[in-house]
Amino acid sequence: MGWQAAVVGALGAAQYIQQGAIGKYNQANANRNADVLEQQAQTIDDQVNFDLAQFDKEFRKVEGQTKVNLAKSGVVQGSGTGWKIQTSNKREAELQKEIMKYNAQMQKSRAIEQANFARISGEVARQQSRLAQIGTLTQTGTSLLTMSQGSFGIKKDQGLVVAP
């Protein structure tokens, strides 16, 4: 029975090592996904800053065109209708900028939350592999114990274990 026990032990050890490697791989993969998501969050910040700069540039153009059109129509700058239009445009521009910032913050928060979840999933995968390794050790140990009962001189007598 010696060679059989060696085979069972070797197979158990191989399975134990493989389960650990799978757990480490899954955790590393989840951590890589988390890193990618965190980079996306940074990209969202960069993109909103760019979009806001572009928006400001376009708004200044529209504001200039509005002033020119108001002047052509004979409206006095900074009073009455001209003032109302400028104030309304500025309010609308600020509202649009705040909406852009809010949407970017929501996307960024979502990406960070997904990154956190990915890291947690990786840790769970690692813990599951550790539990599988414990199961393998237990199963291998039980198999070896069962196989070796005869080799230690233990005899079974009507369901009772009796030492020689």
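A quick note: this is a predicted structure, and the numbers were derived from the prediction, not measured.
A distance-only check finds a donor-acceptor pair linking the side chain of Ser129 to the backbone of Arg126 [under 3.5 Å].
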Checklist line | Full working for side-chain contact (heavy atoms from CB on, under 4.5 Å) between Gln107 and Val48 | finding: CA-CA 11 Å; Gln107 289 175 347; Val48 77; over 6 Å; no

Check: Passes side-chain hydrogen bond (donor to acceptor under 3.5 Å, both in side chains), Gln47 versus Asp51? Steps please.
Finding: CA-CA 6 Å; Gln47 184 65 46; Asp51 290 346; 2.8 Å; yes

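Residue pairs satisfying the side-chain hydrogen bond (donor to acceptor under 3.5 Å, both in side chains) criterion with at least one member in residues 33-44, sequence neighbours excluded, are listed as follows: Asp35-Arg119, Glu38-Arg119, Gln42-Asp46. Note on residues 22-32: pairs passing side-chain hydrogen bond (donor to acceptor under 3.5 Å, both in side chains), not counting sequence neighbours, are Gln27-Glu123.
Interatomic distance, CD of Gln114 versus CD1 of Ile112, reported as 11.0 Å (0.5 Å rounding). Interatomic distance, CG of Asn49 versus CD1 of Ile44, reported as 12.0 Å (0.5 Å rounding). Ser121 contributes atom OG, which lies 9.5 Å from atom CD of Gln128 (distance to the nearest 0.5 angstrom).
Not counting sequence neighbours, Asn89 has no partner by the side-chain hydrogen bond (donor to acceptor under 3.5 Å, both in side chains) test. Lys61 meets the salt bridge (Lys or Arg N to Asp or Glu O under 4.0 Å) test with Glu58; sequence neighbours excluded. For the salt bridge (Lys or Arg N to Asp or Glu O under 4.0 Å) test, residues two or more places apart in sequence or in another chain that qualify with Asp45 are Lys108. Glu113 is linked by a salt bridge (Lys or Arg N to Asp or Glu O under 4.0 Å) to nothing, counting only residues two or more places apart in sequence or in another chain. Judged as a side chain to side chain contact (heavy atoms under 4.5 Å, CB included), and not counting sequence neighbours, the contacts of Lys101 are Leu52, Glu98. Checked against side-chain hydrogen bond (donor to acceptor under 3.5 Å, both in side chains), Glu63 has no partners two or more places apart in sequence or in another chain. Residues satisfying the side chain to side chain contact (heavy atoms under 4.5 Å, CB included) test with Gln18, not counting sequence neighbours, are Ile22. Among residues two or more places apart in sequence or in another chain, the side chain to side chain contact (heavy atoms under 4.5 Å, CB included) test is passed with Ile17 by none.
The minimum heavy-atom distance between Ala115 and Leu37, with the atom names listed, is N-CD1, 3.6 Å. Among all heavy-atom pairs drawn from Val8 and Ser143, the shortest one is CG1-CB, 3.9 Å. A pairwise comparison of heavy atoms in Leu70 and Gly82 identifies CD1-CA, 3.7 Å as the closest pair.
In the hydrophobic clustering of this structure, Trp3 groups with Leu11; members are Ile, Leu, Val, Met, Phe, Trp, Tyr whose side-chain heavy atoms approach within less than 4.5 Å, directly or through other members.
For the pair Arg91 and Glu94, the salt-bridge criterion is not met [side-chain N within less than 4.0 Å of a carboxylate O].
Cluster note: Ile120 groups with Val124 through ILVMFWY side-chain heavy atoms spaced under 4.5 Å, whether in direct contact or through intervening members.
A 4.5 Å side-chain heavy-atom check between Gln96 and Phe59 finds every atom pair outside the cut-off.
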Hey, can you pull the donor-acceptor pairs under 3.5 Å for the side chains in residues 131-139, sequence neighbours left out?
unit_1, atom_1, unit_2, atom_2, d
Gln133, NE2, Tyr16, O, 2.9
Thr136, OG1, Gln19, OE1, 2.7
Thr136, OG1, Gln19, NE2, 3.1
Thr136, OG1, Ala132, O, 3.0
Thr138, OG1, Ile134, O, 2.9

